[in-house]
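Working notes, structure below.
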Amino acid sequence: MARLTRRFFDRPALRVAPELLGCRLIHQRGARGDWLEARIVEVEAYAGEGEDPASHAHRGPTPRCASMFGPPGRFYIYRCMGLHFCVNLVCGAKGQGGAVLLRAACAVRGLPTMARRRGGRSGRELANGPGKLAQAFGITARHDGCDAIAGALRVEAARERPARILVSGRVGIRHATERPWRFFVADDPSVSRTSLNRLARQP
DNA sequence: CCATAGATCGGCT
DNA sequence: GCCGATCTATGGC
């Protein structure tokens, strides 16, 4: 077990985000159930209330983003475009509203279950996007607000730090509010494919 | 390879 | 009403 600490998440999302690369997203379903595990390869930071126009927390708490304002180290899960779910980790002190979006991961354990949930896809296609990652893990709104440190669904510390990390703008954010807050593992096939990848730089 | 339509929900212009 | 922290299927080059 390589548990993360509450303190790890009790920092600005921008600081936590790059350190989540290489960490493991794990979904342990009962003593005899499946063990799903994936190495996180792409994340985005979103700041709290009043700091970041692209963040759901920008204008303060709403019913949807209430868990962003809860204690750090828990999940903020929301439905995107009416269809998919996106998985975030709450960062910073309680009441601030910061979070890191998990955008992509490389599946390392429980591949058959993920493949079934992903309609028979395999390899990098299992979790190379925010909605795909949530689908592969079976994550829905019922995980919103759940503990991400010791729960059945959780994040564990990295065994090895990624060799090279790159930064780019966040995907799908309007130019006026754009910030270089997307972090991903260089040359990793499980990173989502976007034109921003070519423009990425060293942190 | 690239562009686009459609699914469908919460929050705000 | 409209737009968005998305993905897939489809059609064109």
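Every heavy atom of this structure was used, including side-chain atoms; hydrogens, water molecules and symmetry mates were not. In the text below, chain A, chain B and the rest are named by the order of the sequence lines, each starting its count at 1.
- The interatomic distance linking A:Arg117 (CZ) with C:dC7 (P) rounds to 17 Å, in whole Å.
- If you walk DNA chain B from 5' to 3' and mark each nucleotide with an atom closer than 4.0 Å to a heavy atom of chain A, the marks span B:dC1 to B:dT13.
- Comparing the P positions of B:dG10 and C:dT8 gives an interatomic distance of 22 Å, to the nearest angstrom.
- Summary of the strand contacts: A:Gln135 and A:Val171 both lie near DNA chain C, and taking for each the nucleotide with the nearest heavy atom, the more 5' one is attributed to A:Val171.
- For the residue pair A:Thr140/A:Arg142, the side-chain donor-acceptor check at 3.5 Å is satisfied.
- For A:Glu42 and C:dA5, the CD to P distance is 15 Å, given to the nearest whole Å.
- Within the structure, every pair that satisfies the side-chain hydrogen bond (donor to acceptor under 3.5 Å, both in side chains) test and touches residues 11-27 of chain A, not counting sequence neighbours, is listed here: A:Arg11-A:Glu19, A:Arg24-A:Glu37.
- Comparing the same atom, P, in B:dA5 and in C:dC2 gives a spacing of 16 Å after rounding to whole Å.
- A donor-acceptor pair under 3.5 Å is formed between the side chain of A:Arg118 and the backbone N or O of A:Leu126.
- For the atom pair A:Asp144 CG and A:Ile139 CD1, the distance stands at 11.5 Å (nearest 0.5 Å).
- Using modelled atom types, no side-chain atom of A:Ser55 and backbone atom of A:Gly48 make a donor-acceptor pair closer than 3.5 Å.
- The 12-atom threshold is not exceeded at CZ of A:Arg198, counting heavy atoms of other residues, nucleotides or ligands nearer than 6.0 Å.
- Within the structure, every side-chain polar atom (N or O) of A:Arg118 is placed at least 4.0 Å from both OP1 and OP2 of C:dC7.
- Atom CZ of A:Arg179 and atom P of C:dA5 are 14 Å apart (whole Å).
- Atom C1' of nucleotide C:dT6 and atom CG of A:Asn88 are separated by 14 Å, given to the nearest angstrom.
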For DNA chain B, just give me the dot-bracket, please: Watson-Crick or G-U, both distances below 3.5 Å, ( ) intra-strand, [ ] crossing earlier pairs, | paired with another strand, . unpaired.
|||||||.||||.

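- A:Asn88 places a side-chain heavy atom less than 4.5 Å from the side chain of A:Tyr78.
- In the set C:dT8, C:dG4, C:dA5, C:dG4 carries the atom at the smallest distance from any side-chain atom of A:Met81.
- In this structure, A:Leu133 places its CG atom 14 Å from C1' of C:dC7, rounding to the nearest Å.
- Ionic pairing of A:Glu42 and A:Arg182 is present here: one or more N-O contacts between side-chain nitrogen and carboxylate oxygen are shorter than 4.0 angstrom.
- Here C:dC3 presents its P atom at 19 Å from CG of A:Leu83, a figure rounded to the nearest Å.
- The phosphate of C:dA5 (OP1 or OP2) has no side-chain N or O of A:Arg182 nearer than 4.0 angstrom.
- Per the geometry, CZ belonging to A:Arg59 stands 13 Å off P belonging to C:dA5, to the nearest Å.
- One atom, CG of A:Leu126, and another, C1' of C:dC7, lie 15 Å apart when rounded to the nearest Å.
- Among the heavy atoms of the strands lying under 4.0 Å from A:Arg79 are primed sugar atoms or P, OP1, OP2 only; no base atom is included.
- Within 6.0 Å of the CZ atom in A:Arg7, the count of heavy atoms belonging to other residues, nucleotides or ligands does not exceed 12.
- Mapped onto DNA chain C by nearest heavy atom, A:Gly172 and A:Lys132 fall at different nucleotides, with A:Gly172 at the one closer to the 5' end.
- Salt bridge annotation for A:Arg6-A:Asp147: present, with a cationic side-chain nitrogen under 4.0 angstrom from a carboxylate oxygen.
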